[in-house]
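Here is the structure we will look at, set down as C-alpha cells.
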Amino acid sequence: MHRPLPEDPMIRSLIAQAKRAQISRRAMLAGTGAGATALALAACSTGSDELSPAEDQSESDKTLNWANWPFYIDEDDDGNYPTLERFQEESGIEVNYLIDVDDNNSYFAKVRDQLALGQDIGADTVCLTDWMVNRWIQLGYTQELNKDNIPNASNLVASLQDPAFDPGRVHSLPWQGGFAGIAYNVEETGEVRSVSDLWRPDLSGRVGVLSEMRDTIGVIMLENGVDISSDFSADEFNAALDIFREQVESGQIRNVRGNAYTEDLVNGDTLAAICWSGDITLLNFEAGYEKWKFVLPEGGATLWNDNFLIPIGSPRKTNAETLINYYYEPEVAAEVAAWVNYITPVEGAYEAAIAIDPVLAENQLIFPNADTLAQAKIFRGLTAQEENEFQSAFQSILLGS
Amino acid sequence: MAFGAFATSTAVAEPAARRKSPIALLLLLPGLLYLGLFFLVPLFSLVITSLQQPDPVVFGQFENAFRWENYVTVLQQYWPQTVRAFGYAALATLFALLIGFPLAYFIGITLRRWPLLQALALVLVIAPFFISFLLRTIAWKQLFSDEGPIVGFLQALAILPGDAAITGSAFAVVFGLTYNFIPFMTLPIYTSLERLDLRYVEAGGDLYASPRSTFFRVTLPLAAPGIMSGTLLTFIPAAGDYVNASREFLGSTDTAMIGNVIEANFLVLQNFPAAAALSLVLMAAILILVSAYVKRSGTEDLL
C-alpha cells in the first residue's frame with residue numbers, strides 16, 4: 001500500500017518518524033522474543049546422553065562438601081562437630097558441612113537440572129533416603145564407590161548389605177536409619193499399641209500421620225498383614241490407601257504433615273501420631289520427662305535409612321570416600337549415634353557405645369537388637385510406574401480431591 | 001511511599017515527549033533486559049513445559065511436545081482447588097477491606113492533627129513485616145491449637161462445642177490470609193485518605209447531606225484509587241498463596257488451594273507439565289478477573 005504522503009512538511013516528517021518508531025519497536029520485540037525462545041528452549045532441552053562421572057581431583061584439592069539433614073551429626077555446645085573436626089585433623093581434608101537437605105523431594109528438585117547435565121551440584125556427598133537413592137541410581141546420577149578407599153565398609157551390618165535398590169552397595173552406604181512407628185501422649189490417652197488403635201473413637205480428630213507415603217501407608221499395610229519388603233501387589237497397596245482415605249475423610253486423622261508433626265504433638269492438636277523414632281526421644285528430652293511413648297506397632301514398623309552417595313558431577317570422590325570410611329569406624333559411629341538418637345548401620349558401634357554409656361546402648365531405638373529389628377520392614381523399591389501411580393493416589397488424598 | 005505509586009489519582013501532565021533520545025533508550029535498557037531475562041524467558045519456558053509429554057522410558061523426564069490436553073486434565077482434576085483458591089482469596093480481600101478501611105480512615109483522617117501519633121500508628125501497621133511471615137503464621141497455628149488459649153476461651157463461653165477445632169479449617173486459612181494481607185490493604189487506602197481534602201467533606205455537610213451520604217458520595221469515591229490498589233495487592237497474591245493453606249501451617253487436607261496443588265505436582269509428583277499448566281491457568285484467571293474488575297470499576301487510568 002503506497003499512498004502519497006501529505007504535502008505539509010511537518011505532517012510528512014511526523015509520519016516518517018512514526019513509521020521508523022514502529023519498525024524499530026517491532027524489530028526490538030521480535031528480537032527479544034526470539035532470544036527468549038532460544039534461551040527457554042536451551043533451558044528445556046533434556047540431556048538424554050549417558051552421563052559420565054567427573055574427573056577426580058582429590059589429589060590436588062583437599063576439600064569436601066557434605067550436604068546433610070539438620071540435627072544429624074554430633075554437635076557440641078559451641079556448634080562445632082567434634083567427630084568431623086577430628087576427621088579434618090587426621091586426613092587434612094577440609095570439610096564444608098552443609099545443612100542443605102530438609103526434604104528428599106525439594107532437595108532433588110533443587111539439584112536435578114545440574115545432575116541431568118552431569119554438573120557439580122556443590123555437594124561431593126549427600127545423605128538421602130533409600131527410595132530417593134533408588135531414583136538417583138536409576139537415573140545414573142551417582143558415581144560408583146571405590147571400596148578400596150573404604151575398607152571399613154566391611155563393618156556394615158549384614159541386613160543392609162544387599163538392598164534391592166543397590167545390590168552389593170555399589171553406589172551407596174547407609175549413614176543413619178530410623179523407625180516409623182506410633183507415638184502417643186501418655187497423659188492424655190490410653191495405651192496405643194497398633195495402627196487399629198489409632199482409629200479408636202476417643203482419638204477422633206486427634207491423630208496425626210506423616211506425609212511420607214512409604215511410612216504412613218507402610219505401617220497401615222503392615223497392620224493389614226502385608227510384607228512391605230516383599231513384592232506386594234497394587235491391590236494390597238490400594239487396600240491400605242482406602243483405609244487411609246476413609247480415616248482422613250471421616251476426620252479421624254487430624255492432619256497429614258512432614259517434620260511439623262512434632263509441633264502438633266507438643267501443642268496438643270494430636271494425641272497420637274505415626275512418627276519417626278529419633279524425634280520422640282528429642283521431644284521427651286525437651287519436655288524433661290517421658291511425656292510421649294514411642295512404640296513399634298503390633299503389625300510392624302517401617303525401617304528406613306539415609307545413605308551416603310556421591311553425585312555424578314563431584315570432582316572430589318576420593319575425599320568423600322575417605323570421609324565415609326572414617327564414619328564407618330565403630331567408635332566414631334557410636335559417638336554420632338549417641339547424639340542423633342538414630343540407628344547406626346555400623347557393626348561394632350554397639351560394643352563401642354557400651355564403653356561410652358551403657359544405658360544408651362540398651363536403647364532399642366538407637367541400638368536395636370535382632371528382636372526389635374525383626375518387627376521392622378523396609379519398604380521395597382518401586383518401579384517408576386508404581387511410584388507415579390501410588391504417589392498420585394496418595395497426593396490426591398492429601399489435596400482433598 | 002511506594003504504596004502510593006498505584007494510588008496517584010491525578011495523572012501528571014505528560015510533557016511533549018522528545019522522541020529518539022539515545023539516552024532514554026540507554027536508561028531503559030537495563031529494565032528491558034531484566035524483563036526479558038527474568039520475565040519473558042521463564043514465561044516461555046513455562047509455556048513450553050506446560051505442553052510437554054512424559055518420556056515413555058524414564059520417570060520424571062519430559063520431552064517437548066504440543067500436548068494441550070495437559071490443560072484439560074489439570075482443570076478436570078483440580079477445579080475444586082482452583083475455585084477454592086479464588087473463593088478464599090475473595091473472602092480474605094473482603095475481610096481485609098472491612099478491617100483495613102476503618103484503620104486507614106482512623107490513621108489518615110482522625111489522627112491528622114497529631115502527626116506523631118499518626119506516624120506511630122503507621123509504624124504499628126507495618127511492624128508485622130519486621131518478623132518473617134512464616135513465623136507469624138506458625139504462631140497463629142499455636143494460638144489456634146486445641147489446647148491453646150483461643151479455643152479454650154471460646155469453649156469456656158460455650159461458643160464452640162467441646163470437641164471443636166480451629167486449625168486445619170477453612171476459617172483458619174481465610175483468617176491467616178486476611179491477617180497476612182491487612183497491611184497491603186491498609187497502606188494504599190491510607191495514602192488515598194491522607195490526601196483527602198476535608199473541605200469536600202465539610203461542603204457535603206453544608207449542602208445538607210447526612211454524614212452517611214457524605215461518606216458514600218464524597219469520601220468513598222475519593223478513596224477509590226486506594227481501595228482499588230489495595231484489593232489488587234491483596235487478591236492477587238492471596239489467590240496464589242500456598243503457605244496459609246498448607247498442611248504444614250493453617251490448612252489441612254480439606255483446604256488445599258491451587259498453590260498447594262502446584263507445589264505437590266512440582267516437588268512430589270514430578271509432574272512438571274501439570275504444575276506449569278496450572279501456573280498458567282492461575283495467571284490467566286487472575287488476569288481475566290482483574291481486568292474485569294478494573295473495567296467495571298471504571299478506573300483503567302489508575303493502572
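To find a chain, count down the sequence lines: A is the first, B the second, and so on, and within it residues start at 1. Because the structure is predicted, anything quoted here is derived from the model rather than measured.
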Salt-bridge present ([X], [Y]; N to O < 4.0 Å):
X	Y	value
A/R380	A/E386	yes
A/D269	A/R254	yes
A/K291	A/E286	no

Next item on the list: Among A/M213, A/Q391, A/R206, A/R257, single out the residue with the greatest number of heavy-atom pairs under 4.5 Å to chain B.
Entry: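 Sorted descending by pairs with chain B, the first entry is A/R257.
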Quick one: [atom1] on [X] to [atom2] on [Y], what's the gap to the nearest 0.5 Å?
X	Y	atom1	atom2	result
B/W140	B/T137	CH2	OG1	10.5 Å
B/L32	B/L29	CG	CG	6.5 Å
B/T255	B/F171	OG1	CZ	13.5 Å

Check: By a 4.5 Å heavy-atom criterion (distance strictly below it), what part of A/N255 contacts chain B: side chain, backbone, both, or neither?
Finding: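 Side chain only.
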Notebook entry, point to check: Checking heavy atoms, do the side chain of A/D264, its backbone, both or neither come under 4.5 Å from chain B?
Noted result: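 Just the side chain, heavy atoms under 4.5 Å.
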Check: Can you list the residues that meet the side-chain hydrogen bond (donor to acceptor under 3.5 Å, both in side chains) rule with B/N271, with sequence neighbours excluded?
Finding: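 With neighbours one apart ignored, the set is empty.
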Check: Taking the six-membered ring for Trp, are A/W136 and A/F108 parallel (under 30°), tilted (30 to 60°) or perpendicular (over 60°)?
Finding: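 Answer is tilted, since the angle falls between 30° and 60°.
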Margin query: Can you classify the ring geometry of B/F38 versus B/Y34 as parallel (below 30°), tilted (30 to 60°) or perpendicular (above 60°)?
Written below: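 Rings of B/F38 and B/Y34: tilted, 30 to 60°.
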Item checked: Greatest number of heavy atom pairs closer than 4.5 Å to chain A - which of B/E147, B/R84, B/E248 ->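 Most heavy-atom pairs under 4.5 Å with chain A: B/E248.
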Notebook entry, point to check: Top residue by heavy-atom pair count (under 4.5 Å) with chain A, among B/D146, B/T167, B/L43?
Noted result: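 It is B/D146.
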Check: Which region of B/N260, side chain (C-beta onward) or backbone (N, CA, C, O), has a non-hydrogen atom less than 4.5 Å from a non-hydrogen atom of chain A, or is it both or neither?
Finding: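 When you check distances to chain A, atoms from both the backbone and side chain of B/N260 fall under 4.5 Å.
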Next item on the list: Could you please state which residues from residues 246-253 of chain A sit under 4.5 angstrom from chain B, measuring non-hydrogen atom to non-hydrogen atom, sorted by number, or 'none'?
Entry: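 Within residues 246-253 of chain A, near chain B: A/V248.
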